[in-house]
*Asks:* 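Here it is: the structure, laid out below.
We name chains A, B, ... by the order of the sequence lines, and we start the count at 1 in each one.
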There are 2 protein chains.
Amino acid sequence: MYELFRKKIEEIISVTDEEFEFCKTMFVPKKLRKRQFIIQEGDVCKYTIFVEKGLLRSFSVDEKGVDHILQFAFEGWWMGDIYSFLTSEPTVYNMEALENSELLLINHPSWEILLDKIPSFERYFRILIQNNLIATQRRLMGTLTKTAEEKYRDLIENYPGCLQRVPQHMIASYLGITPETLSRIRSQKNHKKS
Amino acid sequence: MYELFRKKIEEIISVTDEEFEFCKTMFVPKKLRKRQFIIQEGDVCKYTIFVEKGLLRSFSVDEKGVDHILQFAFEGWWMGDIYSFLTSEPTVYNMEALENSELLLINHPSWEILLDKIPSFERYFRILIQNNLIATQRRLMGTLTKTAEEKYRDLIENYPGCLQRVPQHMIASYLGITPETLSRIRSQKNHKKS
DNA sequence: AAATACTCTTGACCCAGATCAAGGAATTAC
DNA sequence: GTAATTCCTTGATCTGGGTCAAGAGTATTT
């Protein structure tokens, strides 16, 4: 269960066996079935989540009832709302499994203990957040600069697996376009090919 | 010169006088005149910048020569391209003073020394990056959800001082709209008032 | 103080992508 | 295995904001 978890951590910092054993005790495993929610808008986001297996999405719902996807998290990725996690303010996001998933959850007290006991985790989380910031800045600049088609092309280039696992209307939502527009972009591309 | 600097640091972590004295030695002061660049697209972003006085913007330029503003940094804010700073890859951003400014610069080797010598700075930077991520996520969701007018209203609500100090066409660029559209939004609002 | 930038406004027109609507394919539930 | 969802496509139409163009301030520079 913890192989991927350890692997991802050791891509960034090194941990001894004892440290890792301790680390494990700070996390709680949780299985989620497809469509099940783990966090809902209005909840305090009590957990930071590591995805061992499966796929989550986080999204907000606007006053018209339209979804807006903040991010997907595949195996080996983290998900959570840091703001709510740290401040205990209710989150504005929903988080839901798109496939049957296996997760590792850490709550805030355990997270502080972990940072305290193994200081290199301060560095680990700093780097995770940093990478997330870099990716979010790129995506932001993309939304300001690019056409719907360019954004779509960038996405499938960067996350080719995405299309097979995520319903198309959610990809549209992630890109900030309507499902109809995405459908049209895709059919154009297919005609060009042939 | 260093009052604001210390104040902003102590809002997040506590530092002793010796630690702060050491910290100061890791930074190099630099003055910039209005319109002067400190980083240009293609440079490696060698510095992380603290703004003691004045105002910077970071922006990229697209193939049509149009600016897209990533962020502003007022007094007490930080600016840099973490990605380029850490990897030594050339940055895609330009950074320029919008007013005569006084900055404190830290380069990568000094930054590592600082983190090493005063471990609480690891926490400090983690929190800075975290806050930046939270703000960037909000802005991203805003661009996916909101109309030009709503984005403008949110901006002046959150950064009321901005309007007085930043040329209007740069605000338009930050919001991802054209200067013409922003001008029209503003004139509409004024008519509604009277 | 004239010349050369910038910066903002306003008008006329256009277009990428949204909205509305309807039918078909694929999953899921019973 | 059939009903109910959910998901995707395609067409017709609309619109928020972009583009192009011109003019009027306002700073800067010389």
*Asks:* Under 30°, 30 to 60°, or over 60°: which ring-plane class applies to B:Phe5 and B:Trp78, parallel, tilted or perpendicular?
*Replies:* tilted

*Asks:* Closest nucleotide of DNA chain C for A:Thr147 versus for A:Glu180: which of these residues is on the 5' side?
*Replies:* A:Thr147

*Asks:* A:Thr178 side chain N/O closer than 4.0 Å to the phosphate oxygens (OP1, OP2) of C:dT19?
*Replies:*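 Checking C:dT19 against A:Thr178, no side-chain N or O comes under 4.0 Å of OP1 or OP2.
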
*Asks:* If you assign each of A:Lys64 and A:Arg35 to its closest nucleotide in DNA chain C, which residue comes earlier from the 5' end?
*Replies:*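 Counting from the 5' end, the first nearest nucleotide belongs to A:Lys64.
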
*Asks:* Just how far, in rounded Å, is P of C:dC15 from CD1 of A:Ile185?
*Replies:* 18 Å

*Asks:* State whether the distance check finds a donor on one side and an acceptor on the other, under 3.5 Å, for side chain A:Arg33 versus base C:dT28.
*Replies:* no

*Asks:* In whole angstrom, give the distance that lies between atom NZ of B:Lys151 and atom P of D:dG17.
*Replies:* 8 Å

*Asks:* Could you tell me the separation between the CD1 atom of A:Ile171 and the P atom of D:dC7, rounded to a whole number of Å?
*Replies:* 13 Å

*Asks:* With respect to the phosphate group of C:dG17, does any side-chain polar atom (N or O) of A:Thr181 fall under 4.0 Å of OP1 or OP2?
*Replies:* no

*Asks:* Look at the side-chain heavy atoms of Ile, Leu, Val, Met, Phe, Trp and Tyr, link any pair under 4.5 Å apart, and say whether A:Phe121 and A:Leu128 land in one connected group.
*Replies:* yes

*Asks:* Below 4.0 angstrom from OP1 or OP2 of D:dT6, is there any side-chain N or O of A:Gln168?
*Replies:*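 Checking A:Gln168 against D:dT6: no side-chain N or O falls below 4.0 Å of OP1 or OP2.
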
*Asks:* Report the nucleotide, chosen from C:dG17, C:dT10, D:dC7, that has the shortest atom-to-atom distance to any side-chain atom of A:His169.
*Replies:* D:dC7

*Asks:* Between A:Phe50 and A:Phe27, is the gap from one ring center to the other below 6.0 Å?
*Replies:*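 So the answer is no for these two rings.
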
*Asks:* If you check every side-chain atom of A:Ile177, which of D:dT19, D:dT6, C:dA18 has the closest atom?
*Replies:*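 Minimum distance to the A:Ile177 side chain belongs to C:dA18.
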
*Asks:* Figure out the CD/C1' separation between B:Gln164 and C:dT7, and round it to whole Å.
*Replies:* 16 Å

*Asks:* Rounded to the nearest Å, what distance is computed from the CG atom of residue B:Leu182 to the C1' atom of nucleotide D:dT19?
*Replies:*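 So the two atoms are 16 Å apart, to the nearest Å.
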
*Asks:* Taking atom P of C:dA18 as reference, at what distance in whole Å does atom CG of B:Leu144 sit?
*Replies:*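 These atoms are roughly 11 Å apart.
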
*Asks:* Please find the pair of heavy atoms, one from B:Gly76 and one from B:Leu4, that lie closest to each other, and give the distance.
*Replies:* N-CD2, 3.5 Å

*Asks:* In terms of relative ring orientation, are B:Trp111 and B:His108 parallel, tilted or perpendicular, with 30° and 60° separating the classes?
*Replies:* parallel

*Asks:* Atom CG of A:Leu175 and atom C1' of C:dA18: how far apart are they, to the nearest Å?
*Replies:*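 From A:Leu175 CG to C:dA18 C1': 15 Å.
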
*Asks:* Check this for me: does the side-chain of B:Arg184 come within 3.5 Å of the base of D:dG16 through a donor and an acceptor?
*Replies:* no

*Asks:* Using OP1 and OP2 only, check whether a side-chain N or O of B:Lys34 sits under 4.0 Å from D:dT28.
*Replies:* yes

*Asks:* Rounding to a whole Å, what distance do you find between B:Met170:CE and C:dC6:C1'?
*Replies:*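 Distance, rounded to whole Å: 10 Å.
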
